[in-house]
Every structure is written in C-alpha cells, then in structure tokens.
Number of protein chains: 2
Amino acid sequence: MSPTSQTLTAERILEATEEVLRRHGPAKATVVDVARALGVSHGSVYRHFRTKAALREAVTKRWLDRTTQVLAAIVAAPGLDPETRVREWLAALFAAKRRKAFDDPELFATYSVLTTETAETVVSEHIADLTGQLTEIVRVGVDTGAFTTDDPATTAVALFRATDRFHDPHYAREWELPGVEGEFEAVVELLIRGLRR
Amino acid sequence: MSPTSQTLTAERILEATEEVLRRHGPAKATVVDVARALGVSHGSVYRHFRTKAALREAVTKRWLDRTTQVLAAIVAAPGLDPETRVREWLAALFAAKRRKAFDDPELFATYSVLTTETAETVVSEHIADLTGQLTEIVRVGVDTGAFTTDDPATTAVALFRATDRFHDPHYAREWELPGVEGEFEAVVELLIRGLRR
DNA sequence: CGGATGACAGATATTGAAATCTGTCACCTG
DNA sequence: CAGGTGACAGATTTCAATATCTGTCATCCG
C-alpha cells in the first residue's frame, strides 16, 4: 500500500521523524508529516509515542546518544596516559559537535532548538553521561598519580563547564571563526596544568 | 510644555530609552514610545540618534560599560597578590551579572536580547575591554613570578572563555540553581592551579 | 537660524477569521 | 484480536487585511 510497507516500529518512526525535521525544521515538522512520510495515518504514530513531545524527546535522545557512544571509546581506549586521554576526549567532543554543526547545519539548528524545548531530563541525563565519562578518566588519573583533586566528580564537572564554549550548541556560530582552535587549546592547556600533581 | 522640559540631550534620551525598555521589553519598545516618555516628537529623537538600531546600541554600550567600570577597580586595587586578584575579578564579574539578572529580571532579559541583536562591535569591544583587564592582571602575575605563561593575552582569553558559563547571559537561568557556586569555585580552582608556576 | 515638529511613504507588527494540527477513540480489517 | 484507521473537539498556526512604526524632510517657531 505505502511505498515502504514494512511493519511500523518505533525505530522507523524515529528515522522518518529525523528526516521530516531535517526537511521542515522544528517549527513546521508535524506528526501528520511524519505519518505521511511513512504512508500511515497519524493515529498509528500515536500508538508508539504518546505525545508529539515524547516523539521529539526520543529522537533528541537518539541524537545525543550517538555522541556519547563515540566518546565512550576514548574512555575505554587502552594505552593512553591520563593527560592525553583528557585532551583527546575534550578534542573529540569539540570535533564531534563541530562536525555535526558543519555537515548538516539545518539538522544541527533543529536539534539545538529541540534540546532547549525538550524535557530537561533528556539533556541533563546526556550531560550526566558525559561528566560520568570524564569522572572515570580523572579518577584513573588520580589513582595513577598523574592528577590531584579532592573529588574527581567535581573536577570532571568543572572540566566540562570550563569547556562549555566548545560543545554547547549555543556557541556553534563561533566554531567556524578563525582562532577558535587556538582558544580551545589555550583553555585545555590551562585545565590540564590545573589537573597535574 | 512637557512634564520635563529641560533641553533634550543624548543622555536624557538614553535614560528614557532604558525606562521604556524596562516597561515594554525589547520587542515592543518603539522610538515613538521613547519620544512620548520625553514629551517630544519622535523626530527629535532622530536628531540625536540616526536610527533605532543606533539608539539601542548606545543604551546597550552604556549598560555594558557599567560592569567594565566596576571591574576596573579590582585591576587597580593595591595590595592584592595576583592569585587573589584573579579570583576576586572573576568572582566580581559573576556577582555583577548575577545581581543584574536577579534584581531586575525584565531589564536583564531585555539587554540579553539587545546584546544578541545589536551590532557585533559593541559586544566584542566589551569583551575586549574585559579580557584586556584580565591580561593586565596576568601580566603582573607573570612579572612577579606568581604565574607562568607564554602569552598573557592568550591566557587571559582562555580564563574568560573557561568562565563563560558564569557571565554569559545565556546561562542566566542556571545562576540561581543550587550548586552553581560550587561549580564556579571548582572551575576557578582548576584555572588558578593552571596559572601557577 | 538652530532646533523641534508632524505629515508622509515604505517597512514592520498586530489581529482575528480560516486552516491545520494534536490527541482520542469507536470502529475496521487481515 | 493486534494493529491500523479516520472523524472529531479543542488547541495552535497561518494568512491577509489593518494598524503602527521607522526614517525623512519641508515647514514652523522662539
């Protein structure tokens, strides 16, 4: 009946939603559009997601989790000294965000809006995931004697906050300005020096 | 003729503009409103400011400069060691912004909008002023042997950017959350440690 | 004559009626 | 009978007509 008449799964709906969001932007993407893209009635979409907000939340979480997974690889990578691991983790976060912003500006702008309007919990869980990863790196650094701190978790949050400028979508416009790379390195340098014993 | 029939000066217009902005907000504050508040025709306002944008720019600059002046006192204050001076300067910046945001939320929100829509130069000059002050503090710190850095100006920018979260109006909502004070101190602690020889 | 005025043209914002969307649910259909 | 449908009520958005505002300037006034 429809062009893609496989069974309707949450995953297929999320894919269609992302496509509709990319095409129409956050303001004009409707549940009806998503249903149309899937060749089903909008009632069917509501069978998988209770509200439009829940759908947007799910698609946002999916997007944020992709970054979390990339960074987890750096936490787990063997053979890095703690200092290098922190540098690479922060650089990877910056690079991932910058790539998203540059490669598909429409979609990035869309998700930037979604993260501000979506339920606070999705974003704060994402931040908790990321600072959790950083905490692990710092903790290992302290254990091996490379770093000093009273409390790895507090220090991890400080590292994350001090680098907000280089991962908060709010600053995305400035990520293509010349000199940002230098600013990033100067901040990281200062922070790494602050971590050292 | 009007309730306040002194001569019409740029300063009086700026005062009236701030009042109109506080009352009506940035979206609904018009040049006609400002003229009405002063008991003159809007043509007279255009005699002092070429455009509405120029008027908004001037009132924004005036607002930003007030903070710059407060902080200049800390740069010049005698008898502070460099580390304390950095701590106090950053704390004063945070405190000044937080006070503005808390004491008069309407006006603060208004100026937050103005700084995003106003000509880039006003804001970047403000930032240049502030990082200039920080550069001076860092430079003295290096000269007295308290700090190490290749380039005080770069380091000053890094200090400013690493603390964006605690002075960028974008984050104002989070300045009243519990724990912000702790986050601020953790970031400053890390940065100060990074400055030390 | 220096400074203020208000009528005016084009740009921008407001408003309210019509169109669309969200979320529900009784009813299909394979 | 599990999964899908589409009509429906209330909420939200769109659109075009109307009102207001911006910026200019010929004219006025002390």
Side-chain angles (χ1 to χ4, degrees), chain A residues 1-60 106 109-110 113-114 116-119 122, chain B residues 1-60 106 109-110 113-114 116-119 122:
Chain A
M1 207 140 287
S2 76
T4 51
S5 51
Q6 312 146 34
T7 38
L8 188 61
T9 62
E11 182 59 23
R12 281 190 63 224
I13 294 174
L14 290 177
E15 272 164 29
T17 303
E18 186 165 295
E19 186 52 29
V20 168
L21 281 168
R22 194 201 317 274
R23 278 200 150 74
H24 297 29
K28 301 213 279 181
T30 71
V31 176
V32 172
D33 290 330
V34 173
R36 210 185 346 254
L38 288 162
V40 298
S41 76
H42 73 282
S44 300
V45 174
Y46 278 98
R47 203 163 270 288
H48 294 264
F49 297 93
R50 258 196 306 247
T51 64
K52 183 187 185 183
L55 175 57
R56 290 182 157 218
E57 209 174 293
V59 83
T60 303
E106 319 281 316
T110 291
V113 171
L114 287 189
T116 66
E117 78 181 24
T118 212
V122 175
Chain B
M1 205 138 288
S2 75
T4 52
S5 52
Q6 312 145 34
T7 38
L8 188 61
T9 61
E11 182 58 24
R12 282 190 63 222
I13 293 174
L14 290 177
E15 273 164 26
T17 303
E18 185 164 296
E19 185 53 28
V20 168
L21 281 168
R22 193 198 322 273
R23 278 199 151 75
H24 296 33
K28 301 214 279 182
T30 71
V31 176
V32 172
D33 289 331
V34 173
R36 210 184 348 256
L38 289 162
V40 300
S41 76
H42 73 281
S44 301
V45 173
Y46 278 98
R47 197 163 275 286
H48 291 82
F49 296 94
R50 258 197 304 250
T51 64
K52 184 186 184 182
L55 175 57
R56 290 182 157 217
E57 209 174 295
V59 83
T60 303
E106 318 282 316
T110 291
V113 172
L114 287 189
T116 66
E117 78 180 23
T118 212
V122 175

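Reminder, nothing fancy here: chain letters follow the sequence lines and each chain counts from 1. Atom set for the values below is all heavy atoms of this structure, side chains included, hydrogens, waters and symmetry mates excluded.
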Checklist outcome for this item: CG of A/L8 to CG of A/L38, rounded to nearest 0.5 Å, is 6.0 Å

Taking N or O atoms only and anything under 3.5 Å, show me the protein contacts with nucleotides 28-30 of chain D, one pair per line.
none

Item to check | CG on B/L21 to CG on B/L14, rounded to 0.5 Å | outcome: 10.5 Å

Checklist outcome for this item: Closest non-hydrogen atoms of B/R22 and B/E106, given as atom of the first, atom of the second and distance, are O-CB, 4.2 Å

Next on the checklist: With salt bridge (charged side-chain N to carboxylate O under 4.0 Å, His left out) as the rule and sequence neighbours excluded, what pairs involving residues 34-56 of chain A come up?
Outcome noted: A/D33-A/R36, A/R56-A/E117

Item to check | From A/L55 atom CG to A/H48 atom NE2, the distance as rounded to the nearest 0.5 Å | outcome: 11.0 Å

Checklist entry - Within the structure shown, what part of the strands sits under 4.0 Å from A/V32 by heavy-atom distance: base, sugar-phosphate, or nothing? => result base

Item to check | Contacting residues from residues 50-59 of chain A, given that a heavy atom lies under 4.0 angstrom of DNA chain D | outcome: none

Item to check | Heavy-atom pair with the smallest gap, counting every atom of A/G25 and A/T110 | outcome: CA-OG1, 3.9 Å

Checklist entry - So which heavy atom on A/T116 is nearest to which on A/V113, and how close? => result OG1-O, 2.7 Å

Checklist entry - Looking at DNA chain C, which of residues 18-30 of chain A put a heavy atom within less than 4.0 Å of it? => result A/T30

Next on the checklist: Using a 3.5 Å distance criterion without hydrogens, assess whether the side chain of B/R12 forms a donor-acceptor pair with backbone atoms of B/T7.
Outcome noted: yes

Next on the checklist: Looking at D/dG4, I'd like to know if its phosphate oxygens (OP1 or OP2) sit under 4.0 Å from a side-chain N or O belonging to A/S44.
Outcome noted: no

Item to check | Taking every non-hydrogen atom, the tightest pair across A/Y46 and A/T51 | outcome: CE2-CA, 4.1 Å

Checklist entry - What are the 5'-most and 3'-most nucleotides of DNA chain C lying under 4.0 Å from any heavy atom of chain A? => result C/dC21 to C/dT24

Item to check | Along DNA chain D (nearest heavy atom to each residue), the more 5'-positioned of A/H42 and A/H48 | outcome: A/H48

Checklist outcome for this item: Per nearest nucleotide of DNA chain C, the residue lying toward the 5' end, A/D33 or B/G43, is B/G43

Checklist entry - When rounded to the nearest 0.5 angstrom, what is the spacing between CD in A/E18 and CZ in A/R23? => result 12.5 Å

Checklist entry - By side-chain contact (heavy atoms from CB on, under 4.5 Å), which residues pair with B/A119, not counting sequence neighbours? => result B/E57, B/T121

